Amino acid sequence: MAKELTTREENYSQWYNDLVTKADLAENSAVRGCMVIKPHGYAIWEKMQAVLDKMFKDTGHVNAYFPLFIPKSFLSKEASHVEGFAKECAVVTHYRLKSDPNGKGVIVDPEAKLEEELIVRPTSETIIWSTYKNWIQSYRDLPLLINQWANVVRWEMRTRLFLRTAEFLWQEGHTAHASKEEAIVEAEKMIEVYATFAREYLAIPVIVGRKSESERFAGALDTYCIEAMMQDGKALQAGTSHFLGQNFAKAFDVKFATKEGNLDYVWATSWGVSTRLMGALIMAHSDDHGLVLPPKMAPIQVVIVPIYKNMADLEKIDNAAFEIKKKLEKRGISVKYDNRDTQKPGWKFAEYELKGVPVRLAMGMRDLEKNEVELARRDTLQKTQVSQENIEDYIENLLVEIQQNIYDKAFKFRAENTFKVDSYEEFKKQLDEKGGFYLAHWDGTAETEALIKEETKATIRVITDDENPEPGFCMVTGKPSKQRVVFARAY
RNA sequence: CGGGGUGUAGCGCAGUUGGUAGCGUGCUACGUUCGGGACGUAGAGGCCGUGUGUUCGAGUCACAUCACCCCGACCA
C-alpha cells in the first residue's frame, strides 16, 4: 500500500490531515496558513457553489462583487465589529516595489506609502454598507438582496486545511430591509437554506438555532447557526446567518424614506458559508480507507474500471463500458471510465476508494461473458454482481440509497453521541470520556458560560428554538433555566 | 506570543567515534504480469535549510539565523 492513512482511532486529526492531502483535496502552500485547493477538492467546492447559488437565486438573491481591499477607516466605524476582527487583519501599506539597491531582489519602495492603509477584507460588511448608502434612498429600493462569492483573509495563528486557513473562499449575503421583522425573517430563512443544503446535499444532519451572546458575530444582534457533529464527537459550525439590526446602517448612515414619509435606518442581515464546509463533509462521513462522498457532492459518481489481460480483451471491455457510460450519462450521472493502461486494477480500486467515488463498476472478461458487472459501493464497501440489463436503473437507485445511507449513518452517530446531563460533575466526566453533544441547563449568563469554557473547553454551540422548551436548573449555578442548550467542544 | 520538535533525492526516512551519502516509495526503460495499491532487471535523481566558526577534513561539533510541524493562548 503506497498511500496508507492514519486510522481515525489512532489519531483523528492526523487521519484528517492525511486524508485531505492523500485524496488530493488540498495541500499547504508556500504561504504559511494558506492552502492550495487541488482539482479534486475544488471540484467538490464547485458542486457546493452550484447548488447553493441556485438556492440563493431561488430565494430572490442576486450576485455582485465588492473589492478585496477596505479602507482602514471603514473598519473602525462599527465598534464591536472592529473589536472582532482587528487582531486578524492583513494590512496593505505600500503600492510599489523597487530593485534593492544593495543587491539582488526587490524591496518595498518607502516612497510608495499609501495615504490610507487598506485592509484585506476579513468580511465585507463595511465596504458593502458604504456602497449601499448610495443605492438606498427609498423603501422602493428595498429589500436589497445581494450575495457575493469571494475570498477573505483572517490572519490565523494556527491553521488547518479547510477548517481554518488564513485565506478562504466563501459566499457572503448582505441584505437590507425596510423593517426589523423582515430582516429577521431573512436571517432565519437563510439559515434554513443552509440547513437544507447540509442535510439534503452534504448528507450532514445539523442542529439549527442561535448563538449565545458571547459566540455571536461581532456587530450582530442575533446570530443563527447550523452545528454539525464530526466523527470525533466535536462540533463544527457549518454556516451562520446574522440579524445585524441597524448597526451597520447607523455606522454608514444608510437611511431610507418610508412609505409614511419618515426617514429611518435600514435593517440588515448577512450570512455565509465557506470552504470550511469541505472540512465538515470530509470529517462527517469518511473512513479509514479514505474519503466518503455523498453522491450529490461527488464530482465523479461512478467510476468504471476494466480488468483485462491483453489489448484484445480491453477492446471488448471498452465497447461495453462506453455503452454503459452513455446510458448512465443520459440519466445525468457523472461517470469516469478509467481505461488507462498505465495503472493496474488494484491500484485504481484503492485510488478511487481514497477519493470517495460512491460507486465503482468493475468489468472483466468473466463479467462480459455473463453480461454482468461488479458493483462496489463506497459507503458500505459491499460488492455485488449485477446484470448489465437496466444497469442505469439499478445505479440510479443505488446512488439515491447511498445518499440516504450516508445521512442516516451520520444521524445515528449524532444520536448516539448526544446526551442529556443535569449534573456538572457528570457533564465534565462524560465529556472527557466520550465527547459528543450535551443537552444541559444553563442560567443564561455569560459568566457561567465562560466558567464552563474555562474548565472544560466546551462552549454553547447552539440554542435551539424549541416548541415545548423543558425548563430546569442550571447545572453549574442551580439557577432557573428556560431550556436545555447544546454544549460541546468545537472546531 | 509561550513550550516542544524537525530541516539529508519528488515524498517518507536512516546516517555510528568527524573520513567525501544511503534505504523505502515514487520516477524512466525493457520484459513478465493484470478480479484489491504486481514482480524482475537496468537507470536517472543530492549546495545534507542558510551563514560563520573549530578542524588536514563537517550531514555529523559550536554559535547564529531562517523555515516548517506539533501542543497551548486567540479564532469560523
Side-chain angles (χ1 to χ4, degrees), chain A residues 1-6 11 13-14 17-18 21-22 24 27-34 83-89 122-123 152-170 172 194 211 214-218 220 223 225-228 234-242 270-280 289-290 305-314 317 339-355 360-370 372-376 381 383 385 453-454 457 459 461 490-491:
Chain A
M1 292 277 266
K3 289 185 176 177
E4 191 78 43
L5 287 179
T6 305
N11 184 340
S13 71
Q14 190 58 46
N17 291 338
D18 282 4
T21 52
K22 289 180 179 170
D24 273 338
E27 62 186 35
N28 281 308
S29 70
V31 184
R32 182 227 290 264
C34 294
E83 216 173 296
F85 291 106
K87 282 173 288 184
E88 47 190 24
C89 285
T123 177
V152 287
V153 169
R154 295 180 191 174
W155 212 263
E156 298 289 347
M157 290 315 245
R158 286 191 61 199
T159 59
R160 294 192 67 195
L161 293 170
F162 291 121
L163 296 174
R164 178 169 294 114
T165 47
E167 179 194 14
F168 57 91
L169 306 183
W170 77 347
E172 46 182 326
Y194 290 152
K211 286 294 188 189
S214 45
E215 296 278 327
R216 199 176 283 163
F217 173 73
T223 289
C225 65
I226 52 172
E227 289 285 327
K234 283 169 80 174
L236 187 135
Q237 177 177 303
T240 51
S241 176
H242 315 289
S270 69
W271 28 273
V273 294
S274 70
T275 36
R276 192 175 219 218
L277 285 178
M278 293 287 297
H289 299 269
V305 177
I307 295 153
Y308 57 95
K309 288 195 176 26
N310 53 58
M311 284 305 162
D313 286 356
L314 178 60
I317 297 166
N339 63 350
R340 285 178 299 171
D341 192 40
T342 50
Q343 312 293 354
K344 303 286 154 256
W347 189 95
K348 292 175 186 172
F349 289 0
E351 184 68 11
Y352 292 111
E353 216 159 82
L354 186 60
K355 292 194 170 174
R360 183 186 69 229
L361 192 159
M363 216 190 328
M365 292 310 285
R366 286 209 305 260
D367 304 301
L368 222 53
E369 279 156 24
K370 289 185 285 185
E372 287 183 345
V373 296
E374 182 197 82
L375 283 189
L381 298 168
K383 290 192 242 188
Q385 286 295 127
K453 185 178 180 183
E454 170 78 30
K457 285 174 191 151
T459 49
R461 298 319 304 159
Y491 277 96

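Quick note on labels: first sequence line is chain A, next is B, and so on, each numbered from 1. The figures that follow rest on heavy atoms only: side chains count, while hydrogens, waters and symmetry mates do not. Fair warning: this is a prediction, and the values are worked out from it, not measured in the lab.
With a cut-off of 3.5 Å on both pairing distances, the Watson-Crick or G-U wobble partner of B:rU65 is B:rG49. Within the shown strands, nothing qualifies as a pairing partner of B:rG35 under the Watson-Crick or G-U definition with both distances less than 3.5 Å. The nucleotide B:rU16 finds no pairing partner, because no Watson-Crick or G-U wobble arrangement with both distances shorter than 3.5 Å includes it. Checking B:rG72 for Watson-Crick or G-U wobble geometry (two distances, each under 3.5 Å) identifies B:rC1 as its partner. Here B:rG10 sits opposite B:rU25 as a Watson-Crick or G-U wobble pair (both hydrogen-bonding atom distances under 3.5 Å).
Across the protein-nucleic acid pair, A:Gln343 atom CD and B:rU33 atom P stand 20 Å apart, rounded to whole Å. Nucleotide B:rC71 holds its P atom 11 Å from the NZ atom of A:Lys457, rounded to whole Å. One atom, CG of A:Asn11, and another, P of B:rC69, lie 16 Å apart when rounded to the nearest Å. A:Met365 has its CE atom 17 Å from the C1' atom of B:rU33, to the nearest Å. The CG atom of A:Leu361 sits 13 Å away from the C1' atom of B:rG35 (whole-angstrom rounding). Between A:Leu314 atom CG and B:rU33 atom P the separation is 17 Å, expressed in whole Å. Per the geometry, NZ belonging to A:Lys22 stands 9 Å off C1' belonging to B:rG12, to the nearest Å. Taking atom NZ of residue A:Lys453 and atom C1' of nucleotide B:rA73, one finds them 11 Å apart after rounding to whole Å.
The gap from the P atom of B:rG49 to that of B:rU41 amounts to 32 Å, rounded to the nearest Å. Taking atom P on both nucleotides, B:rG45 is separated from B:rG10 by 12 Å, rounded to a whole Å. Taking the P atom of each, B:rU55 and B:rG12 are spaced 37 Å apart, rounded to whole Å. Remark: the separation of the C1' atoms in B:rU6 and B:rA14 is 15 Å, to the nearest Å. On the P atoms, B:rA44 is 32 Å away from B:rG18, given to the nearest whole Å. Comparing B:rC61 with B:rG5, their P atoms are spaced 15 Å from each other, to the whole Å. Atom name C1', nucleotides B:rU8 and B:rA67: the rounded distance is 16 Å, in whole Å. Across B:rU52 and B:rA58, the matching P atoms stand 13 Å from one another, rounded to whole Å.
Summarising the geometry of A:Asn339 relative to A:Pro306, their closest heavy-atom pair is CA-CG, 3.8 Å, with the distance given to 0.1 Å. Of all the heavy atoms in A:Val273 and A:Gly239, the pair that sits closest is CG1-CA, 3.8 Å. Pairing each heavy atom of A:Phe162 with each of A:Gly279, the nearest pair is CB-N, 3.8 Å.
Nearest nucleotide to the A:Lys87 side chain, out of B:rC74, B:rA76, B:rG35: B:rC74. Comparing B:rA76, B:rC75, B:rA73 by their nearest atom to the side chain of A:Glu88 picks out B:rC75. Out of B:rC34, B:rA73, B:rG37, the shortest distance to the side chain of A:Lys309 is found at B:rC34. With B:rG37, B:rG35, B:rU33 as the choices, the nucleotide that has an atom nearest any side-chain atom of A:Ala350 turns out to be B:rG37. The side chain of A:Arg276 approaches B:rA76 more closely than any other nucleotide in the set B:rC69, B:rG35, B:rA76. Comparing B:rC34, B:rG35, B:rC75 by their nearest atom to the side chain of A:Glu156 picks out B:rC75. The listed nucleotides are B:rG37, B:rC70, B:rA76; the one nearest the side chain of A:Gln237 is B:rA76. Each of B:rC69, B:rA73, B:rG37 was ranked by its minimum atom distance to the side chain of A:Glu351; first place goes to B:rG37. Minimum atom distance to the side chain of A:Pro345 is reached by B:rC34, of the listed B:rA76, B:rG36, B:rC34. Taking every side-chain heavy atom of A:Arg164 into account, B:rC75 is the closest of B:rA38, B:rC75, B:rG35.
Taking NZ of A:Lys211 as the start and CZ of A:Arg216 as the end, the distance is 11.5 Å to the nearest 0.5 Å.
Residue A:Thr159 is the one, among A:Phe217 and A:Thr159, whose nearest nucleotide of RNA chain B lies closer to the 5' end (criterion: closest heavy atom). Summary of the strand contacts: A:Leu381 and A:Arg158 both lie near RNA chain B, and taking for each the nucleotide with the nearest heavy atom, the more 5' one is attributed to A:Leu381.
Contact annotation for A:Leu163: base contact, defined as any heavy-atom pair under 4.0 Å involving a base atom. No engagement by A:Thr342 is indicated, since no non-hydrogen atom pair under 4.0 Å with the nucleic acid exists. A:Arg360 comes within 4.0 angstrom of a base, heavy atoms only. Among the atoms of the strands shown, none is found under 4.0 Å from any heavy atom of A:Lys211. A:Asn310 comes within contact range of no nucleotide atom at all, as no heavy-atom separation falls under 4.0 Å.
Between A:His242 and A:Phe217, the ring planes lie parallel to each other; the angle is under 30°, not in the 30° to 60° tilted range.
For A:Lys344 against B:rG35, a side-chain-to-base donor-acceptor contact under 3.5 Å is absent.
Looking at A:Glu351 and A:Lys344, no side-chain N of the basic residue comes within less than 4.0 Å of a carboxylate O on the acidic one, giving no salt bridge.
Put simply, the side chain of A:Arg160 gets close to the backbone of A:Ser13: a donor and an acceptor are under 3.5 Å apart.
Side-chain N/O atoms of A:Arg32 include one lying less than 4.0 angstrom from OP1 or OP2 on B:rC68.
For the pair A:Arg276 and A:Phe168, the cation-pi criterion (under 6.0 Å, within 45° of the ring axis) is not fulfilled.
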